[in-house]
Amino acid sequence: MTAENLTSGRIQIAMGLQDVVVDESKICFIDGKLPKLLYYGYNILELAENCSYEEIVHLLLKGKLPTKAELAAISKELIEARGLPADVLDTIRKAPKSSIPMDVLRTAVSQLALTDPKPNDDTPEGRYRKAIRLTALFPEIVAADYRARRGLDAVKNNPRLGHAANFMWLLHGKEAGPFVVKTMDVALVLHAEHSFNASTFTARVIAATLSDMYSAVTGAIGALKGPLHGGANEGVIKTLLEIGDASKVEPWILEKTKDKGFRLMGFGHRVYKALDPRAVVLKKYSEKSGKEAGITKWFEMSVKIEEMMKTREKPLYPNVDFYSASTYYTMGLPPEIFTPIFAVSRVAGWCAHVIEQQSHNRLIRPDCAYTGAMDVPFVPIDKR
Ligand code: CMC
């Protein structure tokens, strides 16, 4: 399509694909105005309070909440799929200390394909096996990298522990208390799925070429890393640290928002035009974590920022990344691991979408309005 089509009004550009419906999906429903978020029809608020991450993995990959027997079966599959291949562990250990954890995760996940004897198995069983393997191994990659940066060896999995508890075990080499494990489990449930967001759409675009799940998930990690997407949670804690104190919130926000181009990380959303329901839950956990750890400062500062942003002429509301930042930081987790934690959870959603995409596939290939030069006379290299 040429620019002529554009100027004549025959076509309209949907910048950022806003409001463009590209496919149907049964996995996730979002109503940004209410607001409401459902995984396979179930309200996120109920799932977050009542389900473990393993139940959500079952829901996303099998389309239904598990019975007790089904939960035991999928938990066993996830435990049996643990165990990072030695080569991948070696890559993580050898990564430069200056590297970004999301880059290490992306590289390690890509390498997982090389350690899978059947990386391109496209049978339903093959796709499910790869989804379980990826979901099981993400916490190990993130934790091994976290420890390697601190000069520590990777810790072996604890088969007695579920997904969230084992993740905390892998990070710290000791069992976390029940509140910390519950908080991590809730965070994993809340981040697991979110319809056609940028990283999931990336995964679907790759899957739609009939490429494999490792490629789709590797690409999705690259998309999640960006500060406008999953990278925002790290941006939020950097903001809180830069402000430093609740008394400085107001002057800091007033000064920063003078600049029209300023973006406050953890605020605004393409779909939600009111408070993100995931932020409602995380706000509670941020407060509880603060009380539990005896550090309420980051929560109090966050509430102050939220109050200021919602009473502006053009109100902005927190998204999932806002209160997750103060929650993780109060749990003693360092900022550079925040976005990898998002990935540890979202991998199940990505895999569910790859499976759905390939179940009724059509190549995803949009068009653009060409605004470049036309029919330029060719000039040989020695005459240019
Ligand atoms: N800070 C300041 N102004 C903002 C922000 C923000 N965080 N978000 C939106 N706006 C303003 C923006 O300046 C624009 O104003 P105007 O109409 O006057 O030009 C208006 O709101 C609409 O913004 P937009 O950029 O057109 O909205 P979008 O749908 O393209 O972008 C977004 C959505 C999430 C990229 C954006 O809100 C943003 O940059 N937020 C900060 C980064 C962030 O928190 N990302 C995490 C998203 S949720 C979790 C996830 O999926 O990863």
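All ligand and atom numbering here is 1-based and tracks the order in the structure.
Around ligand 1 you find P227, L228, H229, G230, A232, F262, R263, L264, M265, G266, F267, G268, H269, R270, K314, L316, N319, V320, D321, F342, each with a heavy-atom distance below 4.0 Å.
Taken to the nearest 0.5 Å, the NE2 atom of H229 stands 9.0 Å off from the CG atom of D321.
Under the 3.5 Å distance criterion, with hydrogens and angles disregarded, no donor-acceptor pair is assigned to the side chains of D276 and Y317. A donor-acceptor contact closer than 3.5 angstrom links the side chains of H360 and D23.
With a 6.0 Å cutoff to the six-membered ring centre and a 45° limit on the axis angle, K288 counts as a cation-pi contact of Y285.
Atom NZ of K291 has 12 or fewer heavy atoms from other residues, nucleotides or ligands within 6.0 Å.
Screening residues 349-364 for salt bridge (Lys or Arg N to Asp or Glu O under 4.0 Å) gives R204-E356 as the qualifying pairs, with residues at least two apart or on separate chains.
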